[in-house]
Trainee: 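Can you keep this structure in mind? I'll have questions shortly.
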Amino acid sequence: MAESEVQNIAPAAVATAPQQAGNTYRMSKEGRWQAVILLLGVISIWVFALWSLITILDGGISGVEWVSALLMLGILAVAPLVAWALLEEANAQITTNDAGITYRSFGGVDIAYEWDDLAGFERKGQRGRIARFFLGDDDELEIKEEPVTR
């Protein structure tokens with residue numbers, strides 16, 4: 001081999017960002033099981049809507065059957081979106097580390113927030129009439145700001 005060929009084969013130095021250790025949280029086993037059961041329900045509803053629409057269209061639409069046909073078309077359009085949302089939720093993971101919090105999902109959603117970007121919930125004005133009826137008109141207790149340990 002020529003010396004120039006040997007130089008071309010040498011691996012290039014790859015700079016990678018250091019991985020920070022953190023905690024990863026996923027949906028519990030029971031939660032994933034429930035999502036699978038709901039997904040099977042969505043699939044069965046979609047199959048029922050398809051079968052019903054084929055039956056309606058086979059005999060010809062007469063009278064008010066167009067309402068049922070539109071309903072079945074709506075179910076056929078929405079069921080895949082519900083199924084995708086269930087898959088996303090069942091496979092989502094939240095990672096916390098020193099840099100912040102990261103949300104990752106099945107479909108490639110990757111959202112990262114630094115700890116400084118996060119803030120608590122603040123009430124915007126007075127409670128509504130219904131909220132005052134059920135929760136009362138008392139002022140909320142003030143929360144003392146204490147340093148968060150990570």
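Residue numbers start at 1 and run along the sequence shown. Computed from heavy atoms alone, side chains included, the values below leave out hydrogens, waters and symmetry copies.
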Trainee: To the nearest 0.5 Å, what is the distance between CG on Asn23 and OG1 on Thr95?
Mentor: 9.0 Å
Trainee: When you group the ILVMFWY residues by side-chain heavy-atom contacts below 4.5 Å and let the links chain together, are Met27 and Val109 in the same group?
Mentor: no
Trainee: What distance do Glu89 atom CD and Gln34 atom CD have between them, rounded to the nearest 0.5 Å?
Mentor: 9.0 Å
Trainee: With hydrophobic residues grouped by side-chain heavy-atom distances under 4.5 Å, do Val78 and Leu38 end up in a single group?
Mentor: yes
Trainee: Strictly by side chain to side chain donor-acceptor pair (under 3.5 Å), give each pair with a member in residues 101-110 just once, sequence neighbours left out.
Mentor: Glu88-Ser105, Arg104-Asp110
Trainee: Any chance you could measure Arg26, atom CZ, to Ile94, atom CD1, to the nearest 0.5 Å?
Mentor: 11.5 Å
Trainee: Evaluate the side-chain contact (heavy atoms from CB on, under 4.5 Å) criterion for residues Val42 and Leu86: first the C-alpha distance (whole Å), next the side-chain angles of each, then the deciding distance (0.1 Å), finally the verdict.
Mentor: CA-CA 10 Å; Val42 168; Leu86 287 169; 4.1 Å; yes
Trainee: Would you compute the distance between atom OG1 of Thr55 and atom CE of Met72 and round it to the nearest 0.5 angstrom?
Mentor: 10.0 Å
Trainee: Under the 4.5 Å side-chain heavy-atom rule for ILVMFWY, direct or indirect, which residues accompany Trp33?
Mentor: Ile37
Trainee: Could I get the full list of side-chain hydrogen bond (donor to acceptor under 3.5 Å, both in side chains) partners for Arg32, not counting sequence neighbours?
Mentor: none
Trainee: Tell me whether Val82 is reachable from Val36 by hopping between hydrophobic residues (I, L, V, M, F, W, Y) whose side-chain heavy atoms are closer than 4.5 Å.
Mentor: no
Trainee: Scan residues 37-87 for pairs that pass ring pair (Phe, Tyr, Trp, His ring centres under 6.0 Å), counting only residues two or more places apart or in two chains.
Mentor: Trp84-Phe106
Trainee: Examine distances only and state if a side-chain atom of Asp58 and a backbone atom of Ile54 form a donor-acceptor pair shorter than 3.5 Å.
Mentor: no
Trainee: Would you say Ile111 and Tyr113 make side-chain contact, with heavy atoms under 4.5 Å?
Mentor: yes
Trainee: Got a second to check how far Leu73's CG is from Leu50's CG, nearest 0.5 Å?
Mentor: 10.0 Å
Trainee: Under the side-chain hydrogen bond (donor to acceptor under 3.5 Å, both in side chains) rule, collect the residues that match up with Glu65, sequence neighbours excluded.
Mentor: none
Trainee: Looking at residues at least two apart in the chain, or sitting in another chain, which of them share a side chain to side chain contact (heavy atoms under 4.5 Å, CB included) with Ile130?
Mentor: Phe134
Trainee: Just wondering, do Leu76 and Leu53 contact through their side chains at under 4.5 Å, heavy atoms?
Mentor: yes
Trainee: When rounded to the nearest 0.5 angstrom, what is the spacing between CG in Leu57 and CD1 in Ile61?
Mentor: 5.0 Å
Trainee: Provide the closest heavy-atom pair for Asn97 versus Gly22 in the form atom of the first, atom of the second, distance.
Mentor: CB-CA, 3.9 Å
